[in-house]
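Per chain, numbering begins at 1; letters A, B, ... match sequence-line order.
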2 protein chains.
Amino acid sequence: MTTRPLRADARRNVEAILDAATTCLARDPDASINDIAKAAGVGRVTLYGHFESRAVLVAAVVARAMAEAEASLRGVDLTGDPAAALVRLIDASWQTTLRYGALVVAAEKSMPVADMAAAHDEPRERVRGLLEHGRAEGRFRTDLPVSWLVTTLHTVTHAAATSVYDGELAPDEAARAIAATMLGLLTPPGEVVPDVDILRGVG
Amino acid sequence: MTTRPLRADARRNVEAILDAATTCLARDPDASINDIAKAAGVGRVTLYGHFESRAVLVAAVVARAMAEAEASLRGVDLTGDPAAALVRLIDASWQTTLRYGALVVAAEKSMPVADMAAAHDEPRERVRGLLEHGRAEGRFRTDLPVSWLVTTLHTVTHAAATSVYDGELAPDEAARAIAATMLGLLTPPGEVVPDVDILRGVG
DNA sequence: CCTAAGTCGAACAGTAATGTTCGAGATCAT
DNA sequence: ATGATCTCGAACATTACTGTTCGACTTAGG
């Protein structure tokens, strides 16, 4: 059952297809197989030679994106000051969201709901743990459900991605904007909002 | 060119179609004309008798939603304390977002980009004015672009709508959650986050 | 250099949606 | 109650996409 090693050009094409599919689907979740093949500089038949169906292709794209996200998040130190840890987490996850953020829309249409839920669960739990920690220390607000706070981080990050895409937010300002926004959002009523620039590399 | 007055049953059907289209498109922006007609308890031919094309139908649905939104927002008093005014604005706009929020996705696919931009401009300007006012008074943060702050209100409100839809947030908690979230988010670094419950009807 | 592996375009079948046409029948309005 | 208005299902043309098959061609690699 072991798949024979692909020829060099075939391996190149698979890579090109995955790259093209990533950018095409991020731009338009309804992008056709034809568009993707053309963007990859490859015939439609060749694409089907490597990916059985559209569903298989987007699954492969998503898997690759998730693997990269995992890798970039695993290294983040979530201990110590919760606010500082949050800023580190945002810095690490921002690039991934910018590249792959819009993919979820494409994924939602061709993947079973259970798989989507499972894929979302792990990163949400990671964030949830950090927020709970901050709440226990009195640094993050407790007057709103944790699940809601997790959702806001998610949604604010995605909003930043589309803002950058639309030219409303400069790419190099984005991570700081997200961090500043979240630090204010998470501060308990009656407490003072921390300055994001103190918590980041102050240049 | 003045359209003759419709017969009673025709008027009823037009209403039913608009209602059905609103809920169907909010649930699934790709809902087919067939689904909408069936949901309205009407044949597909009848629908086409009243709405030339899918584009015309969604335009009509959007127009009705925008009119209702306009009506509910026009009455909001935006003067006085900016934080209190923001809370009033959120309370007024929340119900509309909950009902019509997901429509924008459907609208984006069948309306010219210019129309979408124009439709978004007016409410954004309203919010922008309020935020500028708050910034001038030192109540809202000035270390982030206003356009970004406007975007966050937009995105947080929509996130609340989908959270309610998914059962993660109780409908009656939503408006308070949005207001609390935004008040924290908008507080300048170094300042104290206001308590939302003091600014709302304290029950 | 020669073969197996890979590519490509064209042409095909299948599906699903939009929009139109027709005529028979129901419903409102006067 | 009678004619204009409206509804409805079925059938049709059109378009767009997915996925497959075929045979001729190019390329990798020993």
Side-chain angles (χ1 to χ4, degrees), chain A residues 1-62 105-112, chain B residues 1-22 24-62 103 105-112:
Chain A
M1 244 347 222
T2 56
T3 359
R4 297 291 183 80
L6 287 175
R7 230 171 62 179
D9 52 350
R11 249 176 299 144
R12 245 182 299 136
N13 279 337
V14 169
E15 272 305 300
I17 291 169
L18 284 174
D19 288 343
T22 301
T23 67
C24 283
L25 292 176
R27 192 186 321 124
D28 173 17
D30 292 328
S32 75
I33 293 283
N34 216 339
D35 295 336
I36 296 174
K38 223 178 291 178
V42 132
R44 209 169 88 250
V45 191
T46 302
L47 191 154
Y48 277 111
H50 292 297
F51 300 95
E52 214 178 324
S53 70
R54 164 180 259 270
V56 170
L57 174 59
V58 325
V61 169
V62 168
V105 182
E108 276 168 357
K109 297 195 181 183
S110 60
M111 284 177 63
Chain B
M1 228 19 205
T2 56
T3 358
R4 297 291 183 83
L6 287 173
R7 230 171 62 178
D9 53 350
R11 249 177 298 143
R12 245 183 297 135
N13 280 337
V14 170
E15 272 305 301
I17 290 169
L18 284 174
D19 288 343
T22 301
C24 283
L25 292 176
R27 192 184 322 125
D28 173 16
D30 292 327
S32 76
I33 293 284
N34 215 339
D35 295 337
I36 297 174
K38 223 177 289 179
V42 134
R44 210 168 89 253
V45 191
T46 303
L47 191 153
Y48 277 110
H50 292 297
F51 301 95
E52 214 178 324
S53 70
R54 164 178 258 269
V56 170
L57 174 59
V58 324
V61 169
V62 168
L103 276 183
V105 183
E108 276 167 358
K109 297 194 181 184
S110 60
M111 284 177 63

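The distance from atom CZ of R44(A) to atom OG of S32(A), rounded to the nearest 0.5 Å, is 8.5 Å. The CD1 atom of I33(B) lies 10.0 Å from the CZ atom of F51(B); values are rounded to the nearest 0.5 Å. Atom CG of L6(B) sits about 12.0 Å away from atom CZ of R12(B), to the nearest 0.5 Å. Going from atom CG of L47(B) over to atom CZ of R54(B) covers 10.0 Å, rounded to the nearest 0.5 Å. Rounded to the nearest 0.5 Å, atoms CG (N13(B)) and CG (L18(B)) are 11.0 Å apart.
Summarising the geometry, the separation between CD1 on I17(B) and P on dC8(D) is reported as 9 Å, rounded to the nearest angstrom. Atom CG in L57(B) sits about 16 Å away from atom P in dA17(C), given to the nearest Å. In this entry the distance linking CD of E52(A) with P of dT20(D) reads 7 Å, nearest Å. Between D9(B) atom CG and dA29(C) atom P there is a gap of 7 Å when expressed in whole angstrom units. Distance, Y48(A) OH to dC22(D) P: 18 Å, rounded to whole Å. Distance, K109(B) NZ to dA17(C) P: 14 Å, rounded to whole Å. The CG atom of N13(B) sits 9 Å away from the C1' atom of dC6(D) (whole-angstrom rounding). The distance from atom CZ of R12(A) to atom C1' of dG6(C) is 11 Å, rounded to the nearest whole Å.
In this structure, A8(B) and A10(A) both approach DNA chain C, and ranking their closest nucleotides by distance from the 5' end singles out A10(A). Along DNA chain C, the nucleotide nearest V45(B) and the nucleotide nearest R11(B) are compared for position; the residue whose nucleotide lies closer to the 5' end is V45(B).
Between the side chain of R44(A) and the base of dG9(C), no donor-acceptor pair under 3.5 Å is found.
At a threshold of 4.0 angstrom between heavy atoms, the contacts of R7(A) include nucleobase atoms, whether or not backbone atoms are also involved.
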| query | Can you check side chain to side chain contact (heavy atoms under 4.5 Å, CB included) on L57(B) and I36(B), steps first, answer last? | reply | CA-CA 10 Å; L57(B) 174 59; I36(B) 297 174; 4.2 Å; yes
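Rounded to 10°, the helix from dC1(C)-dG30(D) to dT30(C)-dA1(D) has 30° between the axis fitted to its first five pairs and the one fitted to its last five.
Residue H50(B) has no polar side-chain atom (N or O) positioned under 4.0 Å from OP1 or OP2 of dC6(D).
For the residue pair D19(B) and T22(B), no side-chain donor N or O sits within less than 3.5 Å of a side-chain acceptor on the partner.
Of the residues in residues 24-40 of chain B, not one comes within less than 4.0 Å of DNA chain D through any heavy atom.
Considering every non-hydrogen atom in both V42(A) and T46(A), the closest pair reads CG1-CB, 3.8 Å.
Residues D30(A) and K109(B) meet the side-chain proximity criterion, which asks for heavy atoms closer than 4.5 Å.
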